[in-house]
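None of the values given here were measured: they were computed from a predicted structure. For the single chain, residues carry numbers from 1 onward in sequence order.
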Amino acid sequence: MKHIYLCLAHMSESGLEQQYIKEAFDTNWVVPLGPNVTSFEKDLERFVGMDKRVAVLSSGTAAIHLALLHLNLKPEDEVLVQSFTFCASSNPVTYVGATPVFVDSEELTWNMDPDLLEEAIKDRIAKTGRTPKAIIPVTLYGMPYQIDRIMDIAERYGITIIEDTAEAMGSRFGGQMLGTFGQYGVLSFNGNKMITTSGGGALICPDDKDKQRTIWFATQARENYPYYQHEAIGYNYRMSNICAGIGRGQMTIIDEHIAHHRHVQALYEQILEGVEGINVHRQPADPRYESNFWLSTILLSPTLRIKGQNDTNTTLCEPNANVDALRVLLDQAGIESRPLWKPMHCQPIYQDCPAYVNGVSERLFSQGLCLPTGPCVTDEDVAYIVKNIKEAIVR
């Protein structure tokens, strides 16, 4: 039985990845610097545009960490973070000793709610006497957030924006690439992203000065001496020349990957149209929104019954019984699916952190499921997936 995976990047047909890797071995550049690293960064800078500079790193999480280091945060500082996302958005805040303050989502894009964001800022100023130092909005599943409103709020309060666009490489708002609106932007090249370097990420910087400081932090903060001199704590976060070689090859097919994800999303929207109790999450009608549709997602009505559904709850915050039942049935049919992100304000590790919630992310988490969307998912696969979803519904 064929297994249809959620989202896996694939190698270019030209085999350029292998060519660049071979060159690295042949020239003995098997280190976290070299021609592939330099070329990959230039490719990314051309791709994101806006005269930005890009430093390639070991992960998107490392990129968020280094962006926060640029802000010189202190233990009493706070950072506003979208709650409805993966933990990599908030964990780096704790690395620097600051406190994450979680902000819930709005219904349109499922991303950070601008009204709730401003409410949180005002309340933190009133309670602590200090303005939060940064805002980390996330482009969930590739969907642009309400950029115009959040940028306006950030500017009025003088707060730095770090865009977590790990899931949104190639998404645009008003024609401008996501990750270029804030002071910093974050990319991920994990194995399930739009392109992959097996692991890896990048920090989009405003200028060359910030890029060079990022690289300095990422290479153990080594000073410019003929021997090892360290005057600050650094990190081993630089991308290797081998991984960057994979990235160079992947950049030749990024546009193809984005087009395929959008095609698969359109198929889900078309074939699931009219299926009672199932709604495909779509991008806003506003033409400024251009999602890469990293993952296609659906919501199941709480009243929808699925075969084998067990209505016994095990925790206070979990997917609804019909969502879990559908996930199990799809898995049995060789189809990988996954619940939406569990909100960070519901995670035990963050239970004592401030949170400004409206119930949106908890409802979405309880009702949502991610469907296979990657480059290897064919039209026939989508038809097979939808067929199994329809057959799972109790009529």
Run the ring pair (Phe, Tyr, Trp, His ring centres under 6.0 Å) check on H65 and Y237 step by step: do they pass?
CA-CA 10 Å; H65 185 192; Y237 280 169; 5.7 Å; yes
Working to the nearest 0.5 angstrom, can you tell me the gap between E107 CD and R363 CZ?
4.0 Å
I254-L8 co-clustered via ILVMFWY side chain contacts under 4.5 Å
no
Name the orientation class of the two ring planes belonging to Y5 and H3 (parallel below 30°, tilted from 30 to 60°, perpendicular beyond 60°).
tilted
Is it the case that atom CZ in R338 sees more than 12 heavy atoms from other parts of the structure closer than 6.0 Å?
no
T214-H70 side chain donor-acceptor pair, cut-off 3.5 Å
yes
For residues I306 and I393, determine if any side-chain heavy atom of one lies less than 4.5 Å from a side-chain heavy atom of the other.
yes
Return yes if some donor-acceptor pair links the side-chain N/O of D104 with the main-chain N/O of D113 below 3.5 Å, else return no.
no
Are any of the side-chain nitrogens in D207 or K209 under 4.0 Å away from the carboxylate oxygens of its partner?
no
Spatial distance of atom OH (Y384) from atom CG (L330) [nearest 0.5 Å]:
9.0 Å
What I'd like to find out is whether the side chain of H345 reaches to under 4.5 Å of the side chain of C353, using heavy atoms alone.
no
Heavy atoms of other groups near E76 CD, more than 12 under 6.0 Å:
yes
Please tell me if the side chains of H263 and F293 come closer than 4.5 Å, counting only heavy atoms from C-beta onward.
no
Would you say K307's side chain and A392's backbone share a donor-acceptor pair under 3.5 angstrom?
no
Say whether Y145 and I153 are linked into one hydrophobic cluster, either directly or through other cluster members, by side-chain heavy-atom distances under 4.5 angstrom.
yes
Quick one: which of L117, I121, V79 gives a side-chain contact (heavy atoms from CB on, under 4.5 Å) with I159?
I121
Flag yes if more than 12 heavy atoms outside I349 fall under 6.0 Å of its CD1 atom; otherwise flag no.
no
Tell me if a side-chain donor or acceptor on T252 pairs with a main-chain N or O of G249 at a distance below 3.5 Å.
yes
Please identify which of these residues, V93, I162, V103, D164, meets the side-chain contact (heavy atoms from CB on, under 4.5 Å) condition with V81.
V93
Hydrophobic cluster membership, with links at side-chain heavy-atom distances under 4.5 Å among I/L/V/M/F/W/Y: are F84 and L116 in one?
no
One should read off an interatomic distance between D255 CG and N292 CG, to the nearest 0.5 angstrom, of 11.5 Å
Closer than 3.5 angstrom, by distance alone: can the side chain of E167 be matched with the main-chain N or O of Y141 as a donor-acceptor pair?
yes
Kindly check if the number of other-residue, nucleotide or ligand heavy atoms within 6.0 Å of CD (Q18) is above 12?
no
With a 4.5 Å cut-off on side-chain heavy atoms, are F189 and F40 touching?
yes
Crowded around Q229 CD? As in, over 12 foreign heavy atoms under 6.0 Å?
yes
